[in-house]
Amino acid sequence: MTLDPETARRLRDGMARGVLSFPLTSFHDDGTLDPDGFRAHVAAQIATGPGALFPACGTGEFFSLDEDEYRQVVTIAVEEAGGRLPVVAGTGYGWAQAVRFARIAEEAGADALLVLPHYLVAAPQDGLVAQLEQIAARTRLPLIAYQRGQVAFGVGAFRRVAEIPGVIGLKDGHSDLDRLQRLTLTAPEGFLFFNGASTAEIQARAYATVGVPAYSSAVHAFAPEIANAFFTALRDGDDGMVGKLLHDFYVPLVELRDRVPGYAVSLVKAAARLRGRPVGPVRAPLTDPSAADLADLERLLVSGLDLVGADL
């Protein structure tokens with residue numbers, strides 16, 4: 001299947017310009033989708049200048065969306081982006097279900113797909129490659145593979161992945177920099193790499209040393225002022241500001257995140273609500289933060305915003 005290389009070029013340009021935004025999916029208090037809230041959230045995200053938009057991915061609770069909700073989320077993201085920046089929609093589960101989501105994303109006008117780790121089972125390297133081959137053969141959209149959890153490519157498998165027509169990049173969530181360096185050295189020219197570690201800013205400098213400067217930012221979903229200040233300081237070599245933001249905001253945020261499984265999403269949504277963003281609660285099996293954790297989050301958020309001259 002012949003693919004337009006323009007998407008890869010736009011993503012590469014966006015990665016150099018700003019962080020990658022992974023918007024939250026808005027729900028009403030009863031758990032139903034809130035399209036208007038999501039539209040407002042996406043519009044606010046785009047206004048802060050991210051390099052690309054990744055709706056219905058991990059931070060956007062892809063795993064909790066049915067196909068109709070997914071269609072609404074991706075459609076709204078594409079409409080709000082209006083061609084100004086690439087829209088990369090999440091897809092996943094087994095390849096047959098991933099293709100169903102891929103076709104919806106195509107119809108909605110997405111530019112590319114992020115293939116989230118498959119559902120439940122461990123798989124051999126041949127199977128990991130075959131999963132991407134099956135999806136790529138059934139969509140016109142370019143794919144970015146996401147290695148995290150039970151998906152981890154060895155060098156041999158990665159070579160085969162990079163040769164699949166339509167696969168244009170890899171997002172890494174393992175933070176195994178030895179392995180990642182081997183992959184970047186193996187990759188064909190122009191292949192895209194993304195730092196997809198949880199709270200990616202913590203490891204952004206380390207990833208950059210192995211040739212992966214681009215990263216996703218969950219913080220951007222609730223505090224783009226902080227996320228953009230960190231990105232600018234890192235790009236400009238302002239080690240003092242990078243160190244201060246890491247020490248006073250990002251490291252305490254990670255410590256808070258690690259208190260409860262699922263807080264990587266739940267805290268982000270809670271922080272967005274603290275700022276009046278219309279994102280609503282998380283869906284089960286995630287849970288919203290306890291009152292005590294929410295109070296700690298608010299104190300940290302106020303402190304972090306103060307570091308960059310912004311208010312709650």
Side-chain angles (χ1 to χ4, degrees), residues 1-5 7-8 11 20 22 52 54-67 69-71 73-74 86-108 110-176 179-180 182-184 186-188 190-198 212 214 216:
M1 185 174 295
T2 302
L3 294 167
D4 186 351
T7 297
L11 278 167
L20 306 177
F22 283 67
F54 287 69
C57 293
T59 306
E61 297 178 79
F62 166 79
F63 55 85
S64 77
L65 300 176
D66 66 27
E67 292 180 14
E69 292 168 334
Y70 176 86
R71 183 185 301 276
V73 165
V74 178
V87 175
V88 183
T91 190
Y93 304 114
W95 67 259
Q97 184 62 53
V99 168
R100 291 175 65 93
F101 282 106
R103 288 173 179 161
I104 293 170
E106 283 186 28
E107 294 166 2
D111 297 293
L113 296 165
L114 177 65
V115 182
L116 303 170
H118 62 270
Y119 173 69
L120 188 62
V121 296
Q125 294 286 289
D126 285 348
L128 299 180
V129 176
Q131 164 90 337
L132 290 168
E133 288 174 334
Q134 294 289 351
I135 300 169
R138 291 166 172 80
T139 179
R140 62 175 179 79
L141 295 180
L143 306 180
I144 298 167
Y146 189 3
Q147 63 169 12
R148 186 170 184 154
Q150 68 268 38
V151 177
F153 296 106
V155 171
F158 173 74
R159 287 196 185 101
R160 293 165 59 195
V161 166
E163 292 173 354
I164 298 172
V167 177
I168 63 171
L170 176 73
K171 182 180 180 185
D172 175 74
H174 283 295
S175 304
D176 181 341
R179 179 197 295 260
L180 186 59
R182 296 167 191 266
L183 300 190
T184 61
T186 300
F191 198 82
L192 304 176
F193 285 92
F194 309 80
N195 167 3
S198 294
V212 185
S216 58

Please report the shortest heavy-atom distance between [X] and [Y], naming the atom on each side.
X    : Y    : result
L170 : I144 : N-CG2, 4.0 Å
A8   : L192 : O-CD1, 4.1 Å
G60  : L65  : O-CD1, 4.2 Å
G196 : K171 : CA-CE, 3.3 Å
V74  : A105 : CG1-CA, 4.3 Å

Within this structure, what is the [atom1]-[atom2] distance for the pair [X] and [Y], rounded to the nearest 0.5 Å?
X    : Y    : atom1 : atom2 : value
F22  : S216 : CZ    : OG    : 4.5 Å
F158 : Q147 : CZ    : CD    : 8.5 Å
S175 : L180 : OG    : CG    : 8.5 Å

Please report, to 0.1 Å, the donor-acceptor pairs under 3.5 Å made by any side chain of residues 161-168, with sequence neighbours excluded.
none

Could you check Q134 against V99 for side-chain contact (heavy atoms from CB on, under 4.5 Å), going step by step and ending with a plain yes or no? CA-CA 8 Å; Q134 294 289 351; V99 168; over 6 Å; no

Establish, yes or no, whether a centroid distance under 6.0 Å links the rings of F54 and Y146. no

For the pair Q150 (side chain) and A123 (backbone), establish whether a donor and an acceptor sit closer than 3.5 Å, ignoring hydrogens and angles. no

What donor-acceptor contacts under 3.5 angstrom involve side-chain atoms of residues 87-95, with partners at least two apart or in another chain?
from : atom 1 : to  : atom 2 : distance (Å)
T91  : OG1    : A98 : O      : 2.7
Y93  : OH     : F63 : O      : 3.1

For the residue pair L114 and F194, establish whether any side-chain heavy-atom pair is separated by less than 4.5 Å.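 A side-chain contact is absent here, since even the closest heavy-atom pair is not under 4.5 Å.
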
How would you list, by chain and number, every residue that makes a salt bridge (charged side-chain N to carboxylate O under 4.0 Å, His left out) with R103, sequence neighbours excluded?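 Counting only residues at least two positions away or on another chain, R103 forms no salt bridge (charged side-chain N to carboxylate O under 4.0 Å, His left out).
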
For R179, which residues count as a salt bridge (charged side-chain N to carboxylate O under 4.0 Å, His left out) partner, sequence neighbours excluded?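 Salt bridge (charged side-chain N to carboxylate O under 4.0 Å, His left out) list for R179, sorted by chain: D176.
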
With side-chain contact (heavy atoms from CB on, under 4.5 Å) as the criterion, how do V129 and Q125 come out once you've worked through the C-alpha distance, each side chain's angles and the decisive distance to 0.1 Å? CA-CA 6 Å; V129 176; Q125 294 286 289; 5.6 Å; no

Just checking R148: does its CZ atom have more than 12 heavy atoms from other residues, nucleotides or ligands closer to it than 6.0 angstrom?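 Yes.
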
Sorted by chain and residue number, the side chain to side chain contact (heavy atoms under 4.5 Å, CB included) partners of I104 (sequence neighbours excluded) come out as E67, Y70, R71

Let me see the working for L128 and F153 under side-chain contact (heavy atoms from CB on, under 4.5 Å), right down to the final yes or no. CA-CA 8 Å; L128 299 180; F153 296 106; 3.7 Å; yes

Taking only residues at least two apart or on different chains, which pairs with a member in residues 110-136 satisfy salt bridge (Lys or Arg N to Asp or Glu O under 4.0 Å)? R10-D111, D126-R160

